[in-house]
Amino acid sequence: QVHLVESGGGSVKAGGSLRLSCAASGYTASTYCMGWWRQAPGKSREGIAFIEEESTTTTYRDSVKGRFTISKDDNTLYLQMNNLKPEDTSMYYCAATTDILCTWSNSDSTYWGQGTQVTVSS
């Protein structure tokens, strides 16, 4: 079992910054990739940024490239968010997968945090 707890969300003005953190505990050695997802009301969940734990390769959604940075240490995943826009408003979730291909398609191999709210005003 892997436990993920997000923190760092809040309310900011457009152009501001936030740094989200995700504390991981449990059998974290079983996971291959970690990532940040978000879901706004009435919309589907979308992947924002991902990091492969061995290669450290990162991947970003086009809409956040140049503004968001994903990183991690041994126990914590981070998402630095700069130049925030109102359309970034959403619930943000930390996730980890035991799928070696990191497809995020199998719910049985994915662990999720409870989420942290990010609200960006104009």
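All values below were derived from every heavy atom in this structure, side-chain atoms included, with hydrogens, water molecules and symmetry-related copies excluded.
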| said: Taking Y78 as the starting point, is it possible to reach I51 by hopping between hydrophobic residues whose side chains are less than 4.5 Å apart? | reply: no

| query | Transitively linked via ILVMFWY side-chain contacts under 4.5 Å: V12 with V118? | reply | yes

Return the [atom1] to [atom2] distance between [X] and [Y], rounded to the nearest 0.5 Å.
{"X": "L79", "Y": "I48", "atom1": "CG", "atom2": "CD1", "answer": "8.0 Å"}
{"X": "K72", "Y": "S21", "atom1": "NZ", "atom2": "OG", "answer": "13.0 Å"}
{"X": "W112", "Y": "C22", "atom1": "CH2", "atom2": "SG", "answer": "11.0 Å"}
{"X": "E52", "Y": "T58", "atom1": "CD", "atom2": "OG1", "answer": "9.0 Å"}
{"X": "C33", "Y": "W104", "atom1": "SG", "atom2": "CH2", "answer": "6.0 Å"}
{"X": "T28", "Y": "N75", "atom1": "OG1", "atom2": "CG", "answer": "6.5 Å"}

Expected output: side-chain [X] to main-chain [Y] donor-acceptor under 3.5 Å:
{"X": "T119", "Y": "S11", "result": "no"}
{"X": "E6", "Y": "L20", "result": "no"}
{"X": "S30", "Y": "Y27", "result": "yes"}
{"X": "Y60", "Y": "I70", "result": "yes"}
{"X": "T89", "Y": "P86", "result": "yes"}
{"X": "R19", "Y": "Q80", "result": "no"}
{"X": "T110", "Y": "N106", "result": "yes"}

| Under 3.5 Å, is there a donor-acceptor pair between the T31 and E53 side chains? | yes

| request: Could you verify whether a donor N or O on one side chain and an acceptor N or O on the other, from S109 and D99, lie under 3.5 Å apart? | output: no

Specify the closest pair of heavy atoms between [X] and [Y], including all atoms of both residues, with the distance to one decimal.
{"X": "R67", "Y": "D88", "value": "NH1-OD2, 2.7 Å"}
{"X": "C94", "Y": "M34", "value": "SG-CE, 4.1 Å"}
{"X": "L4", "Y": "A24", "value": "CD2-CB, 3.7 Å"}

| Got a sec: does the CD of E54 have more than 12 other heavy atoms crowding it under 6.0 Å? | no

| task | Evaluate whether atom CD of Q39 has more than 12 neighbouring non-hydrogen atoms of other residues, nucleotides or ligands under 6.0 angstrom away. | result | yes

| Any Lys/Arg nitrogen of D62 or K65 sitting under 4.0 Å from an Asp/Glu carboxylate oxygen of the other? | yes

| message | If you take the centroid of each ring, where Trp contributes its six-membered ring, are W36 and F68 closer together than 6.0 Å? | response | no

| task | Among Y93, F50, Y92, find the one that has a ring pair (Phe, Tyr, Trp, His ring centres under 6.0 Å) with W37. | result | F50

| said: Give me each pair satisfying side-chain hydrogen bond (donor to acceptor under 3.5 Å, both in side chains) with a member in residues 40-51, each pair once, sequence neighbours excluded. | reply: R38-E46

| request: Start with the C-alpha gap between Y111 and T97, add the side-chain angles, then the distance that decides, and say whether side chain to side chain contact (heavy atoms under 4.5 Å, CB included) holds. | output: CA-CA 6 Å; Y111 298 94; T97 181; over 6 Å; no

